[in-house]
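The structure appears right after this line, and notes come after that.
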Amino acid sequence: MKGFEGKIIYITGGSSGIGLEMARIFAGRGAHLVLLARNRQKLEGAVRSVEESRLSQGQKIASLSVDVADPADVEEKMAAAVKEYGPPDILVCSAGINKHADHFENITYGMFDEVMKTNVYGPRTVIHTLLPAMKPRKGHVVILSSAAGLFGMFGYTAYGTSKAALLGLADSLRYELRPLGMKVTVVCPPEVDTPMNLDEAKTLPKEGRAMKDMAGMLTPEYAARVIVRAIAKEQYFFIPGPLTRFIYLMHRLTNGMGTRITSDAVVWLTRRKMGY
Ligand SMILES: NC(=O)c1ccc[n+]([C@@H]2O[C@H](COP(=O)([O-])OP(=O)(O)OC[C@H]3O[C@@H](n4cnc5c(N)ncnc54)[C@H](OP(=O)(O)O)[C@@H]3O)[C@@H](O)[C@H]2O)c1
């Protein structure tokens with residue numbers, strides 16, 4: 001079991017939701033943290049709240065404003081962070097957006113591109129930039145995918161595609177990093193009660209909402225706690241929440257048939273209620 005005391009942990013998306021809750025837990029276990037996101041005000045608030053959870057005053061809790069969708073910004077800021085705080089022992093890629101959850105025909109190229117640039121190219125560029133500095137420390141890369149990367153979802157052609165892509169990235173990366181003594185963890189949570197859902201709710205079709213309700217919702221505190229435990233155990237693949245783990249098991253055992261039949265029924269029933 002990995003300990004976190006004295007470890008340097010970078011968290012993209014560390015100013016909100018799952019990333020922020022994970023930061024609080026890591027701080028409580030003695031880690032130094034660098035929180036990365038765009039909005040400086042939110043970052044400053046996050047630093048103050050994470051400082052309250054730290055074990056000792058000697059722990060550094062820092063933040064840096066960066067847009068993970070902008071490769072030049074990532075390269076500049078990561079170089080500055082490594083110089084100032086040291087390379088990460090653990091890099092958590094939690095920054096992500098769930099905008100444009102809508103019928104595929106309503107999602108323009110630009111909208112799709114925005115989701116891909118943040119959710120796929122974002123982690124890709126952050127990992128690629130920090131990898132040389134992480135190698136000598138035999139670092140650990142953690143990628144936040146989603147249950148939406150494991151199963152299709154009504155209204156998730158952009159977000160689901162981005163999260164499925166991260167599973168491909170993690171799987172291939174794991175083979176390359178393992179011989180170097182480095183670790184990869186990929187996490188697939190179901191819905192977690194964070195600000196991300198407010199964005200999604202603006203456009204998510206009712207059929208998508210009904211499908212998501214099948215897997216239930218986790219609190220960010222619970223999600224963060226079990227994800228940190230999976231990282232400590234150096235688990236490669238982790239699904240938070242027993243219900244989603246069960247649905248995924250059924251999905252695999254029935255080669256997708258179980259989830260397709262159930263989800264088709266939920267979509268049909270929802271559309272009937274809507275008068276279609
Ligand atoms: N919540 C869920 O239901 C759920 C379920 C499964 C998986 N996930 C995944 O878990 C991760 C965390 O989600 P969450 O629910 O914690 O979301 P959240 O509360 O909305 O937090 C998202 C974080 O990402 C940052 N961010 C967004 N775009 C960014 C960019 N271009 N550059 C840098 N930082 C950026 C945000 O800060 P700024 O806006 O200030 O940049 C914020 O700190 C995401 O990857 C998400 O896809 C979430």
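Treat the numbers as computed from the prediction; the structure is a model and nothing was measured. The first residue of the sequence shown is numbered 1, and numbering continues consecutively from there.
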Any non-hydrogen side-chain atom of [X] less than 4.5 Å from a side-chain atom of [Y]?
{"X": "L33", "Y": "I11", "result": "yes"}
{"X": "I61", "Y": "F26", "result": "no"}
{"X": "T12", "Y": "L35", "result": "no"}
{"X": "L204", "Y": "D102", "result": "no"}
{"X": "F4", "Y": "I25", "result": "no"}
{"X": "K183", "Y": "I231", "result": "no"}
{"X": "P190", "Y": "M217", "result": "no"}
{"X": "C93", "Y": "V142", "result": "no"}

Counting neighbours of [atom1] on [X] that are heavy atoms of other residues, nucleotides or ligands and sit closer than 6.0 Å, is the number greater than 12?
{"X": "M257", "atom1": "CE", "result": "no"}
{"X": "E5", "atom1": "CD", "result": "no"}
{"X": "R252", "atom1": "CZ", "result": "no"}
{"X": "F151", "atom1": "CZ", "result": "yes"}

Rounded distance [0.5 Å steps], [atom1] in [X] versus [atom2] in [Y]:
{"X": "K233", "Y": "F238", "atom1": "NZ", "atom2": "CZ", "answer": "7.5 Å"}
{"X": "D70", "Y": "E76", "atom1": "CG", "atom2": "CD", "answer": "9.0 Å"}
{"X": "F104", "Y": "T161", "atom1": "CZ", "atom2": "OG1", "answer": "8.0 Å"}
{"X": "L131", "Y": "L177", "atom1": "CG", "atom2": "CG", "answer": "5.5 Å"}
{"X": "R38", "Y": "L64", "atom1": "CZ", "atom2": "CG", "answer": "14.5 Å"}
{"X": "R24", "Y": "S49", "atom1": "CZ", "atom2": "OG", "answer": "3.5 Å"}

K135 and M182: side-chain contact (heavy atoms from CB on, under 4.5 Å), yes or no, with the steps?
CA-CA 7 Å; K135 271 201 232 175; M182 293 182 70; 4.0 Å; yes
Look only at the side chain of [X] and the backbone of [Y], and say whether a donor-acceptor pair between them is shorter than 3.5 Å.
{"X": "R54", "Y": "G28", "answer": "no"}
{"X": "D193", "Y": "P220", "answer": "no"}
{"X": "N98", "Y": "N197", "answer": "no"}
{"X": "Q59", "Y": "L55", "answer": "yes"}
{"X": "R174", "Y": "V184", "answer": "no"}
{"X": "T185", "Y": "Q235", "answer": "yes"}
{"X": "S63", "Y": "E44", "answer": "no"}
{"X": "K77", "Y": "S65", "answer": "yes"}

According to a hydrophobic-cluster definition based on side-chain heavy atoms being under 4.5 Å apart (Ile, Leu, Val, Met, Phe, Trp, Tyr only), do [X] and [Y] belong together?
{"X": "I9", "Y": "L144", "value": "yes"}
{"X": "L173", "Y": "Y236", "value": "yes"}
{"X": "L130", "Y": "V92", "value": "no"}
{"X": "L249", "Y": "L150", "value": "no"}
{"X": "Y156", "Y": "L166", "value": "no"}

Salt bridge check, [Y] against [X]: does any charged N sit closer than 4.0 Å to a carboxylate O?
{"X": "E200", "Y": "K212", "answer": "yes"}
{"X": "R48", "Y": "E51", "answer": "no"}
{"X": "R137", "Y": "D89", "answer": "yes"}

Which heavy-atom pair separates [X] from [Y] by the least distance, and what is that distance?
{"X": "A170", "Y": "I143", "answer": "CB-CD1, 4.0 Å"}
{"X": "V228", "Y": "R29", "answer": "CG1-NH1, 3.9 Å"}
{"X": "D67", "Y": "D73", "answer": "N-OD2, 2.8 Å"}
{"X": "E191", "Y": "G216", "answer": "CB-O, 3.9 Å"}
{"X": "M211", "Y": "M153", "answer": "CE-CA, 3.9 Å"}
{"X": "L180", "Y": "K138", "answer": "O-NZ, 3.6 Å"}

Begin with the C-alpha distance, continue with both residues' side-chain angles, and end with the deciding distance and a verdict on side-chain contact (heavy atoms from CB on, under 4.5 Å) for S15 and L20.
CA-CA 5 Å; S15 66; L20 175 57; over 6 Å; no
Please list all pairs meeting ring-ring contact (aromatic ring centres under 6.0 Å, His included) that have one or both residues in residues 48-103, counting only residues at least two apart or in different chains.
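Non-adjacent pairs meeting ring-ring contact (aromatic ring centres under 6.0 Å, His included): H103-F154.
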Taking the six-membered ring for Trp, are the ring centroids of Y109 and F112 within less than 6.0 Å of each other?
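No, the ring centres sit 6.0 Å or more apart.
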In chain order, what residues pass the ring pair (Phe, Tyr, Trp, His ring centres under 6.0 Å) check against F237, with sequence neighbours excluded?
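F237 satisfies ring pair (Phe, Tyr, Trp, His ring centres under 6.0 Å) with Y248 once adjacent residues are dropped.
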One pair to check against side-chain hydrogen bond (donor to acceptor under 3.5 Å, both in side chains): S162 and N119. What are the steps and the verdict?
CA-CA 6 Å; S162 74; N119 291 2; 3.1 Å; yes
Sequence neighbours left out, what pairs pass side-chain hydrogen bond (donor to acceptor under 3.5 Å, both in side chains) with at least one residue falling in residues 258-276?
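Only E207-R271, H251-T259 qualify under side-chain hydrogen bond (donor to acceptor under 3.5 Å, both in side chains).
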Is there a side-chain contact (heavy atoms from CB on, under 4.5 Å) between V126 and V74 once you walk through the steps?
CA-CA 6 Å; V126 174; V74 170; 4.0 Å; yes
Could you check T194 against I18 for side-chain contact (heavy atoms from CB on, under 4.5 Å), going step by step and ending with a plain yes or no?
CA-CA 7 Å; T194 72; I18 303 169; 4.2 Å; yes
